[in-house]
2 protein chains.
Amino acid sequence: MRLSCISIFGYTYAMNIENLLKKKHIKVTTARVTLLKLLEAASKPVCYEEIKGNIAMDKATFYRNMITFEEAGILNAFESNSKMRYFELERTPHAHFVCTVCHGVECIESIDIQLPGYEIGTIVIHGRCRSCVEARA
Amino acid sequence: MRLSCISIFGYTYAMNIENLLKKKHIKVTTARVTLLKLLEAASKPVCYEEIKGNIAMDKATFYRNMITFEEAGILNAFESNSKMRYFELERTPHAHFVCTVCHGVECIESIDIQLPGYEIGTIVIHGRCRSCVEARA
DNA sequence: GTCTTAAATGCGACTGAGTTGCATAAGTAT
DNA sequence: ATACTTATGCAACTCAGTCGCATTTAAGAC
Ligand SMILES: [Mn+2]
Ligand SMILES: [Mn+2]
Ligand SMILES: [Zn+2]
Ligand SMILES: [Zn+2]
């Protein structure tokens with residue numbers, strides 16, 4: 001069941017999803033491999049609604065595995081103002097922008113927030129994205 | 001029905017809630033006056049759950065008026081990761097911190113985010129607040 | 001003040017993303 | 001292969017927020 005080389009969480013080369021899961025002591029199942037391949041292929045965070053057409057599992061399985069991955073530090077999650085939860089593979093900390101017009105989600109690497117004494121987890125910025133601002137200019 | 005002087009949205013002195021609503025062409029009702037007094041007294045954003053014990057109106061009335069106020073630019077709203085919506089009177093733009101441990105909400109004035117081309121609305125930072133970080137230090 | 005009209009309210013039913021209980025299926029270890 | 005443990009599918013459930021509709025209330029005209 002060798003699948004593809006991924007580069008997440010320090011397992012940078014010659015490491016496949018199966019080994020990643022084994023290293024984390026998480027049972028290797030087809031649902032989990034499917035989900036990790038999908039998250040690997042995505043360039044931005046995804047929510048259940050967006051991908052349910054591409055996966056054959058029940059939504060309970062999807063969400064339970066998202067929780068498992070989150071607890072294992074394999075992925076990060078946040079929720080948009082539309083009450084939907086977005087997931088992406090763990091990588092260097094960064095903010096996310098959620099457009100209130102087109103509902104698109106983008107990763108924002110360019111900002112760096114410091115809050116002495118606090119421990120920052122996720123940062124979500126809502127507003128109008130570049131293309132929606134231009135469209136209405 | 002003169003109530004109290006508030007200082008929001010440019011109506012800085014000798015302006016009461018009744019006049020604010022009239023200026024915005026919003027009908028003056030007891031529910032709306034109650035809500036604005038309550039929001040004025042609060043030092044941080046509030047959600048329905050927190051204040052339902054202090055107000056005599058139905059939750060539908062609460063939420064419908066929050067939408068009315070939002071559309072009139074009288075207040076700002078955002079939602080925390082616990083899927084609850086928080087409201088506060090409109091004032092100079094600032095971020096909000098939501099603690100993942102104690103679920104407390106704080107206004108953060110000290111950060112200034114720029115994203116050229118984007119139009120920023122609300123910023124929500126999740127993580128562990130100062131006291132929760134200290135408690136586990 | 002009374003009348004008229006449009007908008008606000010209360011109530012209960014509804015929505016929908018996410019969760020949970022449980023019987024069954026699929027991994028894993030020996 | 002067998003035994004044991006964990007994951008999955010399904011259906012039922014949760015619960016913050018929304019909606020439809022009958023009734024009440026505000027605001028403006030007279
Ligand atoms: Mn991202
Ligand atoms: Mn604030
Ligand atoms: Zn957009
Ligand atoms: Zn805290």
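All chains are named by letter (A, B, ...) in the order of the sequence lines, taking the proteins before the strands, and each is independently numbered beginning at 1.
Ring centroid separation for the pair A:Tyr86 and A:Tyr48 does not come in under the 6.0 Å cut-off.
With A:Pro45 as reference, A:Val105 is the one residue of A:Leu75, A:Leu39, A:Val98, A:Val105 to meet the side chain to side chain contact (heavy atoms under 4.5 Å, CB included) rule.
A:Glu50 places its CD atom 11 Å from the P atom of C:dG18, with the value rounded to the nearest Å. Rounded to an integer number of Å, the gap from A:Ile67 CD1 to C:dA17 P is 17 Å. Computed from coordinates, the B:Lys24 NZ to D:dA26 P distance equals 22 Å when rounded to whole Å. Taking atom CG of B:Leu21 as the reference point, atom C1' of D:dA27 lies 14 Å away to the nearest angstrom.
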Strictly under 4.0 angstrom, non-hydrogen atoms only: write out the protein contact profile of nucleotides 3-16 of chain D, one letter per nucleotide from the 5' end, B, S or -. --BBSBBB-----S

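Under the 4.0 Å criterion applied to side-chain N and carboxylate O atoms, B:Glu109 and B:Arg91 are assigned as salt-bridge partners.
With hydrogens and angles disregarded, no donor-acceptor distance shorter than 3.5 Å links the side chain of B:Asn65 to the backbone of B:Thr68.
Annotation: side chain of A:His126 is in contact with side chain of B:Thr122 (closest heavy-atom distance under 4.5 Å).
In the hydrophobic cluster analysis, where Ile, Leu, Val, Met, Phe, Trp and Tyr join through side-chain heavy atoms closer than 4.5 angstrom, B:Val124 is grouped apart from B:Leu89.
Residue order along DNA chain D, read from the 5' end via each residue's closest nucleotide, puts B:Tyr48 first among B:Tyr48 and B:Lys22.
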